[in-house]
Amino acid sequence: MWLDRGFACLAGTALSEHDKSDALLLLSGYVLWEARWRAETAVPPGERSRLAEDFGGTVRDMPQTRELPSLGRALQAGALGAPASSYGSFDFGLARILDGLEVLERASRAQG
């Protein structure tokens with residue numbers, strides 16, 4: 001089972017069992033979200049998905065976006081402009097999660 005394997009991978013860390021379970025559920029949720037996004041934006045081979053290719057453009061073109069000034073500024077600056085289904089986005093998020101878990105593990109180790 002994936003959860004047992006996850007605990008085994010974290011066995012040598014200073015994290016408490018509770019922190020290990022939270023970390024594993026966080027990672028699982030992140031991966032599930034990516035899988036859901038890919039499934040929802042999938043198109044048959046040879047076809048193109050505007051949503052997957054230009055998420056920012058799709059959001060920008062929605063009428064209600066004009067009523068959301070903070071989102072409008074972000075879109076104007078090019079946020080969400082990269083292909084939303086790229087592994088670069090996944091890698092970015094995964095790296096930030098792992099960075100945070102590393103900080104937590106160091107703090108746990110320092111507490112002894």
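The distance from the CG atom of Leu15 to the CG atom of Leu101 is 7.0 Å, given to the nearest 0.5 Å. Distance check, rounded to the nearest 0.5 Å: CG of Leu24 to CZ of Arg5 gives 13.0 Å. Taking CG of Leu26 as the start and OG of Ser21 as the end, the distance is 11.0 Å to the nearest 0.5 Å. Leu3 contributes atom CG, which lies 6.5 Å from atom CG of Leu25 (distance to the nearest 0.5 angstrom). How far CZ of Arg73 is from CD of Gln76: 11.0 Å, rounded to the nearest 0.5 Å.
Taking every heavy atom of both residues into account, Phe90 and Tyr30 meet most closely at O-OH, 2.9 Å.
Distance alone, capped at 3.5 Å, is enough to place a donor-acceptor pair between the Ser108 side chain and the Leu104 backbone. Checked by atom type and distance alone, the side chain of Glu105 pairs as donor or acceptor with a backbone atom of Ala14 at under 3.5 Å.
Linking Ile, Leu, Val, Met, Phe, Trp and Tyr whenever their side-chain heavy atoms come within less than 4.5 Å puts Val31 and Leu27 in one cluster.
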